[in-house]
Number of protein chains: 2
Amino acid sequence: MKAPPNTQSNIRASISDAEWQVMDAIWSTPSAAAAAEVIASLQARTDWSPRTIKTMLNRLVKKGVLHYQADGRRYLYRAAVTREKCVRVQGRSFLDRVFGGQAGAMLAHFAKHEKLSKKDIEELKSILEQKSSAAHE
Amino acid sequence: MKAPPNTQSNIRASISDAEWQVMDAIWSTPSAAAAAEVIASLQARTDWSPRTIKTMLNRLVKKGVLHYQADGRRYLYRAAVTREKCVRVQGRSFLDRVFGGQAGAMLAHFAKHEKLSKKDIEELKSILEQKSSAAHE
DNA sequence: CTTCATAGATTACATATGTAATCAATCGCG
DNA sequence: CGCGATTGATTACATATGTAATCTATGAAG
């Protein structure tokens, strides 16, 4: 049950709540972003001090999920992992934690309890169609 | 962005990863469970020491998600919140965190990336049917 | 050149979490 | 009755996380 010590290739270093928001800002920036840009972007949605955001950037770099390249005396940051990859990792961890890995149960849960637009429903149905036709017999 | 200090009525005191497993053991016990039972149940699935499990029980009581009633010199624990309630809370937090609250996006994600049995798919479709017929125009 | 604003690096500190060990009371056993 | 086993209570300690402040180097302004 004990997590193995981090090996650098391992993307496992889990991204915390606050860190996720920073990554979100990075992910939604085309190409690379300077700290100042990340800060500006986040101050629109949080009340964090710039210091705090810099700390996050640092930690994310240490965790290996952010890379940077020097540009004069500042850094340009870019994600080292895709949002999709992180979403998959976080999603699976959540699924295991809360639903014991039962994807069906989870989907049923959210389908029941969350608001869905007609469009959401149509799209989901269509995904399910493909899924069932592609499924093994 | 700062979480307000815990008021007791607030179920918010979030259940950690390890704590969730303890709650799971409790939830799957009909009626109340003594610490020894919880320990036995968890040792089957983890490598935690009994000490550790007792610490969890304590913290969960402090957090208000577990209640106990004395039975001789031991305690019988019972959940103070339902699994469903906790699942909803955790689920919503995850949804907000990772999918910005977009339930449709999350469902689409898992529908695409997770394995689903025929049965899962059928059930989901049926939920979606009801949902769309019940939906406002 | 001196000074201030900035950028990144380092250090700080409280709370949460994982993981126990130690303490104190007590119940059953010999 | 005395003692070890067991139960809950208290304390411990490392790492993670939220949230910054301080230190150091340097480029821009005067």
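In what follows, chains are A, B, ... by sequence order, proteins preceding strands, each numbered from 1.
With rounding to the nearest 0.5 angstrom, the CZ atom of B:Arg97 is 7.5 Å from the OG atom of A:Ser16. The distance from atom NE2 of B:His109 to atom CG of A:Leu107, rounded to the nearest 0.5 Å, is 10.0 Å.
Distances were taken from every side-chain heavy atom of B:Arg74 (C-beta onward) to each of D:dG18, D:dT7, D:dT19; the shortest belongs to D:dT7. Taking every side-chain heavy atom of B:Met56 into account, C:dT19 is the closest of C:dA9, D:dT10, C:dT19. Here the nucleotide nearest the side chain of A:Asn58, chosen from C:dT19, C:dT10, C:dA7, is C:dT10. Counting only heavy atoms from C-beta on, B:Ala18 has its side chain closest to C:dG18 among C:dA7, C:dG18, D:dA9. For B:Thr55, counting side-chain heavy atoms from C-beta on, the closest listed nucleotide (D:dT7, C:dA7, C:dA21) is C:dA21.
Comparing B:Arg51 and A:Arg51 by the nucleotide of DNA chain C whose heavy atom lies nearest to each, the residue mapping closer to the 5' end is A:Arg51. Mapping B:Arg73 and B:Ser49 onto DNA chain C by nearest heavy atom places B:Ser49 closer to the 5' end of the strand. Along DNA chain D, the nucleotide nearest to A:Arg59 and the one nearest to B:Leu76 differ in position, and the one closer to the 5' end is contacted by B:Leu76.
The interatomic distance linking B:Asp47 (CG) with C:dG18 (C1') rounds to 11 Å, in whole Å.
Note on ring orientation: taking the six-membered ring where Trp is involved, the planes of B:Trp27 and B:Trp20 are perpendicular (angle over 60°, cut-offs 30° and 60°).
Using modelled atom types, one finds no donor on one side chain facing an acceptor on the other under 3.5 Å when comparing A:Asn58 with A:Thr55.
Counting non-hydrogen atoms under 4.0 angstrom, B:Thr52 reaches a base of the nucleic acid. Nucleic acid contact for A:Ala34: none, since no nucleic acid atom lies under 4.0 Å from a heavy atom of the residue.
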